[in-house]
Amino acid sequence: MNIKSPREIALMKEAGHINYIVHKEMEAFIKPGITTKELDDKIGSMVKELGGFPSCLGYEGFPNNACVSVNEEVVHGIGDHRKLKNGDIVKLDFTVRKKGYESDMTRTYIVGDASPEVKEFVDVCEKSMYEGIKQVKPGARIGDIGYAISEYAHKHGYSVIEDYVGHGIGTEMHEEPEVPNFGEKGRGMVLKEGMTLAIEPMLAMGQKEVKVLKNGWTAVTTDSSLSAHFEHTVAVTKNGYEILTGE
Ligand code: MF3
Ligand code: CO
Ligand code: CO
């Protein structure tokens with residue numbers, strides 16, 4: 001079991017704060033006409049300016065600083081010359097490494113203005129993440145997190161992507177245990193103080209099935225429906241949780 005000391009959690013929070021600041025800065029930067037590669041470049045340079053390393057770069061051969069996934073792209077989008085259009089949604093998912101520790105955070109951004117239906121979908125995805133995070137405390141189980149996320153998403157008529165999951169995180173981007181966005185209450189590993197988890201629901205407006213594009217990375221919904229994704233890195237504390245990718 002991978003339990004982090006208070007010192008290690010403080011280091012992860014340093015990395016996580018960079019993640020948070022860069023996400024905040026991206027809000028104003030995302031506009032119709034900008035390319036997904038420009039977003040990737042901006043993330044890379046800002047993370048480095050703030051003293052971190054964008055550790056997606058080179059991870060299992062990933063070519064960019066960040067995963068930039070548009071509309072029906074679920075995860076692992078690779079920024080290129082594609083220009084964002086008004087009404088698109090774009091997911092920015094990137095990790096920051098600092099002093100040997102990782103943090104992982106994702107947000108879904110609306111480009112310009114979108115329909116009320118799309119705004120509602122993105123909002124439900126973010127709230128489903130917090131429903132999952134609220135379960136975190138010593139004695140709770142991994143299944144409680146996925147159960148809360150999927151109940152909330154299904155209640156609002158969306159599906160939950162099952163092919164990608166959250167994960168433990170620390171000195172490595174991906175550690176044990178897996179944190180699925182579905183599950184049964186009271187099942188799975190028991191959470192203990194000092195565990196650190198990336199909780200990251202990926203929802204689809206249509207069906208949950210995904211396929212990976214020929215680039216070997218980018219997953220898209222097979223029905224081309226929109227997908228949203230939010231992610232925070234959290235620590236299990238004595239009484240509950242602490243979000244490490246925050247202010
Ligand atoms: N940040 C992703 C996650 O949430 C993983 C990125 S894969 C990489 O787990 F190849 F881009 F690093
Ligand atoms: Co991530
Ligand atoms: Co993650």
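In listed order, ligands and their atoms are each counted from 1.
Under the side chain to side chain contact (heavy atoms under 4.5 Å, CB included) rule, V47 has a single partner from N19, L57, V22, which is V22. Partner of F94 under the side chain to side chain contact (heavy atoms under 4.5 Å, CB included) criterion, chosen from H23, M26, M105, E231: H23. Each of L226, T36, T218 was compared with E73 under the side chain to side chain contact (heavy atoms under 4.5 Å, CB included) criterion, and only T218 meets it. Each of H174, M12, E175 was checked for a side chain to side chain contact (heavy atoms under 4.5 Å, CB included) with I169, and the lone residue meeting it is M12.
Ion pairing between K83 and E38 fails under the 4.0 Å rule for side-chain N and carboxylate O. Taking a cutoff of 4.0 Å between a charged side-chain nitrogen and a carboxylate oxygen, K119 and D113 qualify as a salt bridge.
Atom CD1 of I30 and atom CD of E25 lie 11.5 Å apart (nearest 0.5 Å).
Taking the six-membered ring for Trp, H229 and Y164 have ring centres at least 6.0 Å apart. Two rings, from H156 and Y152, have their centers less than 6.0 Å apart.
Less than 2.8 Å away from the Co ion (ligand 3), the protein contributes these N/O/S atoms: D104 OD2, H167 NE2, E200 OE2, E231 OE2.
For ligand 1, the protein residues placed under 4.0 Å by at least one non-hydrogen atom are C56, Y59, F62, C67, H76, D93, T95, D104, H167, M173, H174, E200, W217, E231.
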